[in-house]
Amino acid sequence: MLTKDTFLDLYKTGFLIRAVDNIIADGLRNNDFFALHYPVRGQEVISVSLGLNKKPGDKIISTYRCLGDLIGFGGSCYKYLAEIMGRKDGISGGKGGCMHLCSPENGLLATTGIVGGGLAIACGAALAIPESQGSIVIVTFGDGATTTGAYHESMNIAGMWQLPVLFVCINNGYALHTRLSRITANTELHTKTGPYGVRGFYAEVSTPDVLHMTICECTEYVRCNRSPAFLEISSPRLHGHMAGSTTEYMDLPPESEIDQMDSLVILRQKIVNLYDNERELSDAEHLISEEVSSAYDMALNAPSPDAHTLFSEVTGGTA
């Protein structure tokens, strides 16, 4: 059983991620700015739990669907908003967008648009950690990445060299726009890693408290044994692949039933049932929404990078 403080930490940071996600979607619909945006609705608790289990020296590598991981690891929502709006205050100076982020102060080494590309980066980062340090590397990716060559090579290297990597596969059932069952015979992804010497774990986002305890178990396993682990998290996608994407190929229930699958809604109801604190949660939600709205307006009005900055630190650019 989680403590009340842990429940609240999971929910409040999860709500912060949701609020940023929503305000980005609204801004794109209103043509406030243009950006690629990959919603994280329904999987916020995963990122928050990973962040709560972070210790000094731990690193994370994410994908283009990185909003939750960045905030979960302590990153600034203002800097993220500024980044995707192309402002100089952004995490990567407004030049990287969601696919090219790096926030070393928060432990975020990289995000990547290459499906499966982060797994090999995680192995390299883990190899560089001194054995006495006790730090670990976490890499998040989707189910589609498990069909790539980089996945198999990374599993093999991690198992053979006993690297302290936690591979977190967020299985939303679709590889971009293709159902997982159409690209792999074995859809129980956590069962595929044993031959590589990587222990498999499984959790479901629909039980957020159990999910958090499983993530605690996985991070502790990797940290104490200095051995890799693979965690598959069933997290049904509640939206299209990216902002503006169609959902015609998906088996989504009616909008009125989506909340029954939404882990953040499930978590909120559990907290209310356990502690009868509807007012406390509502007050927290109001403050977080105001914070996000203020950060959004500030980012929208922030300056763009100047020409010198824009073309520096870019391959093929001028210094």
Side-chain angles (χ1 to χ4, degrees), residues 13 16-40 47 50-51 54 56-122 124-125 128 137-141 241-244 288 290-319:
T13 307
L16 171 60
I17 296 168
R18 175 71 57 91
V20 176
D21 202 341
N22 286 341
I23 206 167
I24 290 171
D26 290 342
L28 291 172
R29 278 193 296 269
N30 296 333
N31 294 316
D32 288 348
F33 62 96
F34 172 79
L36 295 176
H37 176 57
Y38 298 87
V40 295
S47 299
L50 291 172
K54 180 183 76 167
D58 290 351
K59 310 296 182 187
I60 189 169
I61 294 97
S62 189
T63 66
Y64 44 81
R65 202 180 300 278
C66 57
L67 168 61
D69 290 346
L70 173 72
I71 293 179
F73 255 52
S76 162
C77 69
Y78 167 68
K79 288 190 173 183
Y80 183 85
L81 289 166
E83 179 60 37
I84 65 169
M85 292 180 187
R87 309 301 194 239
K88 72 174 186 178
D89 287 348
I91 295 169
S92 296
K95 299 178 288 185
C98 61
M99 293 194 182
H100 304 283
L101 298 184
C102 182
S103 183
E105 64 272 23
N106 299 118
L108 178 67
L109 292 185
T111 64
T112 176
I114 300 173
V115 175
L119 286 81
I121 298 172
V137 177
I138 298 168
V139 55
T140 59
F141 51 95
H241 173 63
M242 60 185 294
I288 291 168
E290 285 191 334
E291 173 193 341
V292 170
S293 180
S294 175
Y296 179 86
D297 291 341
M298 189 163 52
L300 200 60
N301 292 291
S304 300
D306 57 37
H308 173 78
T309 304
L310 192 62
F311 290 102
S312 66
E313 301 174 326
V314 177
T315 302
T318 57

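Just so you know, these numbers come straight off a predicted model, no measurement behind them.
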Backbone of P305 reached by a side-chain donor or acceptor of R87 within 3.5 Å: no
What are the two closest non-hydrogen atoms of S293 and I23, and how far apart are they? CA-CD1, 3.9 Å
If I take atom CE from residue M85 and atom CG from residue L81, how far apart are they, to the nearest 0.5 angstrom? 5.0 Å
Look at atom NZ of K79 and say whether more than 12 heavy atoms of other residues, nucleotides or ligands are closer to it than 6.0 Å. no
Y64 vs H241 aromatic rings, parallel, tilted or perpendicular, using cut-offs 30° and 60°? perpendicular
Quick one, Y296 and I24 - any side-chain contact, counting heavy atoms below 4.5 Å? no
With rounding to the nearest 0.5 angstrom, report the CD1 to OG distance, I91 to S76. 7.0 Å
Nearest heavy-atom approach of I61 to G118 is CG2-CA, 3.8 Å
Polar contact flag, side-chain donor to acceptor under 3.5 angstrom, D297-S294: no
Candidate pair I84 and F33, rule side-chain contact (heavy atoms from CB on, under 4.5 Å), full reasoning: CA-CA 9 Å; I84 65 169; F33 62 96; 4.1 Å; yes
Going by an N to O cut-off under 4.0 Å, is there a salt bridge joining D26 and R29? yes
Would a distance-only check, ignoring hydrogens and angles, find a side-chain to backbone donor-acceptor pair under 3.5 Å from R65 to V40? no
Could you walk me through whether M242 and L36 satisfy the side-chain contact (heavy atoms from CB on, under 4.5 Å) test, starting with their C-alpha distance in whole Å, then the side-chain angles of each, then the deciding distance to 0.1 Å, before giving a yes or no? CA-CA 8 Å; M242 60 185 294; L36 295 176; 3.5 Å; yes
When rounded to the nearest 0.5 angstrom, what is the spacing between CG in L70 and CG in L101? 6.5 Å
Please check this pair: side chain of T112 against backbone of I114, looking for a donor-acceptor N/O pair closer than 3.5 Å. yes
S92 (side chain) donor-acceptor with H100 (main chain) under 3.5 angstrom: yes
Straight-line distance of L16 CG to I71 CD1, nearest 0.5 Å: 4.5 Å
Counting distance only, does the side-chain N/O of K95 pair as donor-acceptor with the main-chain N or O of T309 below 3.5 Å? yes
Gap between atom CD1 of I60 and atom CZ of F73 - 0.5 Å precision: 4.0 Å
Dump the intermediate steps for side-chain contact (heavy atoms from CB on, under 4.5 Å) on C98 and Y80, then the final yes or no. CA-CA 8 Å; C98 61; Y80 183 85; 3.7 Å; yes
Are any side-chain N or O atoms of E83 and backbone N or O atoms of G96, one a donor and one an acceptor, separated by less than 3.5 Å? yes
Work out which heavy atom in P39 is nearest to a heavy atom in A243; give both atom names and the distance. CD-N, 3.8 Å
Go through the steps to decide whether V292 and Y78 satisfy the test side-chain contact (heavy atoms from CB on, under 4.5 Å), and finish with yes or no. CA-CA 8 Å; V292 170; Y78 167 68; over 6 Å; no
So, taking the atom named NE2 in H37 and the one named CG in L28, what distance separates them when rounded to the nearest 0.5 Å? 7.0 Å
Could you report the tightest heavy-atom contact between N106 and G74, atom names first, then the distance? ND2-O, 3.2 Å
Side chains of L67 and D21: does their closest heavy-atom pair fall under 4.5 Å? yes
Side-chain contact, heavy-atom cut-off 4.5 Å: V139 with I121? no
Donor-acceptor contact present, side-chain T111 to main-chain C66, <3.5 Å: no
